[in-house]
Each structure stands twice: as structure tokens, then as C-alpha cells.
There are 2 protein chains.
Amino acid sequence: MNKPRHSRFDCAPGCAVEAAIGLIDGKWKSIILFHLLPGTLRFNEIRRAVTGCSPRMMTKQLRELEVDGLISRKVYAQVPPKVEYTLSPLGRSMEPILLALKTWGDANLSRYGKPRVVDPRVPD
Amino acid sequence: MNKPRHSRFDCAPGCAVEAAIGLIDGKWKSIILFHLLPGTLRFNEIRRAVTGCSPRMMTKQLRELEVDGLISRKVYAQVPPKVEYTLSPLGRSMEPILLALKTWGDANLSRYGKPRVVDPRVPD
DNA sequence: CCGTATCCCATCAGATACTG
DNA sequence: CAGTATCTGATGGGATACGG
């Protein structure tokens with residue numbers, strides 16, 4: 001995001017964490033990246049993969065990912081238009097993160113059925 | 001978040017990724033969790049670790065993390081008040097994610113100085 | 001097919017001030 | 001110390017319609 005929720009770098013040192021998450025923060029970014037792991041996809045293919053994302057949002061997220069250097073965009077000058085999105089080397093370098101996310105999600109979804117299950121509060 | 005930016009589960013199967021990131025999405029959550037990795041912290045200790053977060057936001061983020069079962073909150077009935085936040089087992093299970101985030105951020109911050117350096121667009 | 005433009009409202013998140 | 005209350009501007013994000 002040009003203006004993510006994260007202030008990106010006004011955090012104290014050690015917030016490489018914040019820098020990293022700042023890039024995949026955004027409603028659909030992580031899922032987009034995840035779906036791009038297997039390979040190049042076209043605009044509407046991504047939309048189909050990421051259920052419930054409007055074209056407007058899709059464009060926005062893709063643009064931000066592009067500006068951040070995580071994906072590259074290739075336009076074919078033809079009719080009908082064809083645009084392909086591919087993980088850049090930088091984007092691909094996030095694979096471990098994406099995989100960690102997926103691993104965690106899988107483990108939890110399968111173990112608990114769904115998150116937000118644990119009651120952390122002792123009734124006092 | 002009760003109402004995170006992520007719709008949490010209206011995504012197609014395979015979006016364990018989304019579920020996972022939904023939990024650490026939120027302006028300061030990942031950094032809070034990260035700082036809790038070494039051990040228990042008190043409210044203001046976290047605030048100090050997470051530069052620039054207002055008490056209001058801090059409370060909000062902590063509550064959400066608590067509701068999501070990632071941290072636990074222990075209140076000491078004394079004056080002055082003392083409240084400790086600790087990673088729950090579930091929260092600690094996110095350590096690989098947090099570490100992946102940090103690793104990536106470190107690699108990029110040190111390599112490029114700062115992100116958003118790559119120009120993915122071929123001038124056509 | 002791949003977007004962009006506009007309208008519109010819900011939510012976010014900072015500042016500030018106050019309390020048990 | 002550890003929050004809560006309120007106000008306010010900013011942003012997000014959905015719906016819809018249109019354009020190359």
C-alpha cells in the first residue's frame with residue numbers, strides 16, 4: 001500500500017516484522033500472493049481465486065503489490081486485452097511467510113474447526 | 001478482530017492463509033505478538049516496545065488478540081494496577097510466522113536499505 | 001477482458017481528557 | 001498503572017456504471 005495501515009518505518013528498530021507485514025497487509029494481498037505461488041495468473045483468474053473481491057479492490061491490491069515490487073504485470077497489446085500477473089523475485093521470496101501462514105491456518109482450522117475457540121480469560 | 005478487514009471465512013477453501021493473517025492483521029498485532037515472544041509484558045511495556053501506539057489502540061489490539069485466543073491477560077488486584085500479557089499456547093504457535101516475517105524483513109531492510117525499491121514495470 | 005470513475009457510508013485511528 | 005470516553009478527520013471498501 002502506498003499508505004498502509006502500518007506506518008511502515010516509524011517503528012523502532014526490530015520492526016522488520018512490521019515492514020514485512022505492511023506489504024501483505026491489505027484485505028486480499030496475502031491471498032493473491034498465495035494464489036500466485038503456483039504461477040502466473042490473469043486478472044479474472046485471480047478474481048475467481050479470491051472470492052468476493054470487487055474489480056475495484058482487485059485492481060487496487062494488485063497495484064499496491066506491483067508498486068511494492070512483489071508482483072510484475074505484463075500487458076499484451078491485443079484485443080481482447082490480456083494481462084498477466086506474476087510473482088517477482090521479491091514476491092517469491094515471501095513464499096516462506098505465505099507457507100507459514102498456510103501451515104498455521106491449516107493446523108488450526110483442522111484442529112479446532114475454526115479459530116476463536118480458545119477462551120483465554122479466567123473468569124477471575 | 002471482531003470485524004477484521006478480512007472476511008475471515010467467506011473465502012473459498014484453502015484460505016487458511018486468510019484465516020491466519022486475519023488474526024495478525026491489525027495495525028500493531030504482529031509487532032505486539034513479536035515482542036511477547038521473549039516473555040510476559042505489562043501494558044506500558046508493550047506500549048514502549050511498540051512505538052507510536054496510543055493507549056486506545058493498544059487496548060483495542062490487545063483485546064482482539066485476547067478474544068482470538070492468542071494472548072492471555074492476567075490482572076493483579078492491587079494498587080497500582082498491574083496487568084500482564086502473555087502469549088497463549090495458540091499465540092506461541094504463531095512463532096514460525098512471526099519469525100518468517102522478521103527474517104524476511106531483516107533480509108530486505110539490510111539488502112535494500114528499504115523496501116519499495118524494485119521497479120517491476122518494464123517501460124514498455 | 002481489464003480495468004476506471006463516482007458515490008457513499010462504515011470503520012478506523014489519532015488527539016485529548018478523564019477515571020478507578 | 002491501565003485503561004475508557006468522546007470527538008473528528010481520514011480511509012476503506014462495496015455497489016454501480018462506464019470506457020478502451
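Letters go in sequence order (proteins before strands), and every chain restarts at 1. FYI, side chains are in, hydrogens and waters are out, and symmetry mates aren't considered; it's all heavy atoms of this structure.
Toward the 5′ end of DNA chain C lies the nearest nucleotide of K60(B), the other residue of the pair P55(B) and K60(B) mapping further downstream. Across the interface with DNA chain C, nearest-nucleotide mapping of P80(A) and T59(A) shows P80(A) to be the residue nearer the 5′ end. Nearest-nucleotide mapping onto DNA chain D: of M57(A) and P81(A), the residue sitting toward the 5' end is M57(A).
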Does the side chain to side chain contact (heavy atoms under 4.5 Å, CB included) test come out yes or no for L23(A) and W104(B), once each step is laid out? CA-CA 11 Å; L23(A) 296 178; W104(B) 190 93; 3.2 Å; yes

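Contact annotation: R42(B) side-chain N/O to dA2(D) OP1/OP2 distance is under 4.0 Å. R63(B) has a side-chain polar atom (N or O) that falls below the 4.0 Å cut-off from OP1 or OP2 of dT4(D).
Note on Y85(B): only backbone sugar-phosphate atoms sit closer than 4.0 angstrom, heavy atoms only; bases stay farther off.
Between the CH2 atom of W28(B) and the P atom of dC12(C) there is a distance of 16 Å, rounded to whole Å. Rounded to an integer number of Å, the gap from CG of L41(A) to P of dC2(C) is 11 Å. Between the P atom of dC1(D) and the CD1 atom of I46(B) lies a distance of 14 Å, rounded to the nearest Å. Taking atom CE of residue M58(A) and atom C1' of nucleotide dT4(C), one finds them 16 Å apart after rounding to whole Å. Between E84(A) atom CD and dG3(C) atom P there is a gap of 12 Å when expressed in whole angstrom units. A straight line from CG of L62(A) to P of dG3(C) spans 8 Å, rounded to a whole angstrom.
Taking only distance into account, the side chain of R56(A) meets the base of dT6(C) through a donor-acceptor pair shorter than 3.5 Å.
L36(B) contributes atom CG, which lies 9.0 Å from atom CZ of R92(B) (distance to the nearest 0.5 angstrom).
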